Amino acid sequence: ERPDGLPRDLEGLHVVVSAGGTREPLDPVRYLGNRSSGKQGYALARVAAQRGARVTLVAAHTVAIPDPAGVDLVHAGTAEELRSGVLDAAADADVVVMAAAVADFRPTQVTEHKIKKTDHDPDPVALTRNPDILAELVAKRAAGQTIVGFAAETGDASGDVLTHGRAKLARKGCDLLVVNAVGDGKAFEVEDNAGWLLAADGAERPIELGSKARLATEVWDAVVALRNHGAT
Ligand code: CTP
Ligand code: CA
C-alpha cells in the first residue's frame with residue numbers, strides 16, 4: 001500500500017481499457033456517432049495506473065478530459081480503428097476492459113466529397129455491421145486473460161435492465177459485465193453511474209450510485225478477486 005492508501009494489487013499486470021464513442025464517417029464532415037463521454041473508461045485507466053498496472057488506453061472520441069497520468073494512450077476514431085488498437089494491445093494483456101461505446105453499424109459508403117443538399121429527399125443511408133470487438137476478444141482469449149464488458153441498458157417490453165444484462169453476459173462470454181441503467185438522464189454526460197456488476201459464475205452485485213472513479217474501483221476490486229480467488 002502507498003501513502004495515498006491505494007493497494008498496488010494490479011502491479012505486474014498489463015491492462016487494456018477502451019473508452020469513448022466511435023464515429024463512423026458518412027462524408028468528410030459528417031459521421032454517425034454516440035453520446036459516450038469517455039469519462040468511465042478514463043476513470044478505469046487512471047485507477048488501474050494508480051494501483052500499479054501498466055495501462056494501455058485505447059480512446060475513441062471523448063469530451064475534453066485530461067489524459068490520465070502514466071498511461072499509454074492510443075487514439076482510435078472508428079470501430080475498425082478501435083478494433084485494431086484493442087486487439088494489438090490485447091495480445092499481451094492480462095485484463096481487457098471494453099468501456100468504449102462502439103457503433104454497431106457504419107455507413108456502407110463514405111463519399112469522397114461532401115454530400116450536397118438537394119431539392120428532394122435523399123436516399124436512405126445504407127449501413128453495414130461493424131465487427132463485435134468484445135466477442136472477438138473472447139473468441140481469441142489467451143489462457144488467464146480476464147475480459148470485462150460494459151452494457152448500457154434501458155428496460156423495455158422484453159425485460160428489465162438486469163434481465164437484459166444477464167442475457168448479454170451469457171451472449172458475450174466475458175468474465176464480468178458492468179450493467180449501467182440508462183435513460184432518464186442517467187449515465188450519459190453525467191458524473192455518476194449506477195447499475196449491476198454481473199460475473200460469469202452467476203455472482204451479481206448492485207453498484208450504488210456514485211462517481212465514475214468509485215465504479216472503476218469496484219470493477220478493479222472484482223477483477224482482482226476473480227484473478228486471485230476465482231470468484232468475485
Ligand atoms: N462492443 C464491442 N464491439 C461492438 C459493440 C459492442 O466490443 N461492435 C462491446 C462494448 O464495448 C461493450 C459490450 O460490447 O463492452 C456491450 O456493448 P452493447 O452495445 O451493450 O452490446 P451489443 O452486443 O452491441 O448489443 P445492443 O447494442 O444491441 O444492446
Ligand atoms: Ca451496441
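All ligand and atom numbering here is 1-based and tracks the order in the structure. These numbers were taken from a predicted model, which means no experiment stands behind them.
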- Query: Roughly how far apart are H164 NE2 and R171 CZ, rounded to 0.5 Å?
  - Reply: 9.5 Å
- Query: For ligand 1, which atoms have a heavy atom of G149 less than 4.0 angstrom away?
  - Reply: 15 (O)
- Query: Do L215 and Q40 come close enough that some side-chain heavy atom pair is under 4.5 Å?
  - Reply: yes
- Identify the protein heavy atom lying closest to atom 3 (N) of ligand 1, giving its residue, its atom name and the separation to 0.1 Å. I133 N, 3.0 Å
- Report, in ascending order of atom number, the atoms of ligand 1 lying under 4.0 Å from any heavy atom of K168. 18 (P), 20 (O), 21 (O), 25 (O), 26 (P), 29 (O)
- Message: Test salt bridge (charged side-chain N to carboxylate O under 4.0 Å, His left out) on E204 and R166; report intermediate values, then the result.
- Response: CA-CA 9 Å; E204 301 183 344; R166 286 179 184 135; 2.6 Å; yes
- Report the part of P131 (side chain from C-beta onward, or backbone N, CA, C, O) that has a heavy atom under 4.0 Å from ligand 1; answer both or neither where that applies. backbone
- Query: So, are D9 and R51 salt-bridged, with charged N and O less than 4.0 Å apart?
  - Reply: yes
- Task: Could you walk me through whether H14 and T56 pass the side-chain hydrogen bond (donor to acceptor under 3.5 Å, both in side chains) test, one step at a time?
- Result: CA-CA 8 Å; H14 178 208; T56 305; 2.7 Å; yes
- ligand 1 contact on D104 by region, counting heavy-atom pairs under 4.0 Å: side chain
- Stepwise, does the salt bridge (charged side-chain N to carboxylate O under 4.0 Å, His left out) test hold for R83 with D88? CA-CA 8 Å; R83 174 181 173 274; D88 280 359; over 6 Å; no
- Query: Can you tell me which residue and heavy atom of the protein come closest to atom 10 (C) of ligand 1, and the distance to 0.1 Å?
  - Reply: A100 O, 3.6 Å
- Message: Within the 4.0 Å heavy-atom shell around D132, which atoms of ligand 1 are there?
- Response: 2 (C), 3 (N), 4 (C), 7 (O), 8 (N)
- Side chains of R141 and V138 in contact at under 4.5 Å (non-hydrogen atoms): yes
- Item | Shortest protein heavy-atom distance from atom 7 (O) of ligand 1, along with the residue and atom involved | L134 N, 2.7 Å
- Nearest protein heavy-atom contact for atom 17 (O) of ligand 1: which residue, which atom, what distance? F150 O, 3.7 Å
- Query: Under a 4.0 Å heavy-atom limit, does K172 contact ligand 1 with its side chain, its backbone, both, or neither?
  - Reply: side chain
- Query: Does ligand 1 have any atom sitting under 4.0 Å from a heavy atom of A99?
  - Reply: no
- In this structure, atom 15 (O) of ligand 1 is nearest to the protein heavy atom M98 O, 2.7 Å
- Query: F105 and E24: which non-hydrogen atoms are nearest, and at how many Å?
  - Reply: O-CG, 3.7 Å
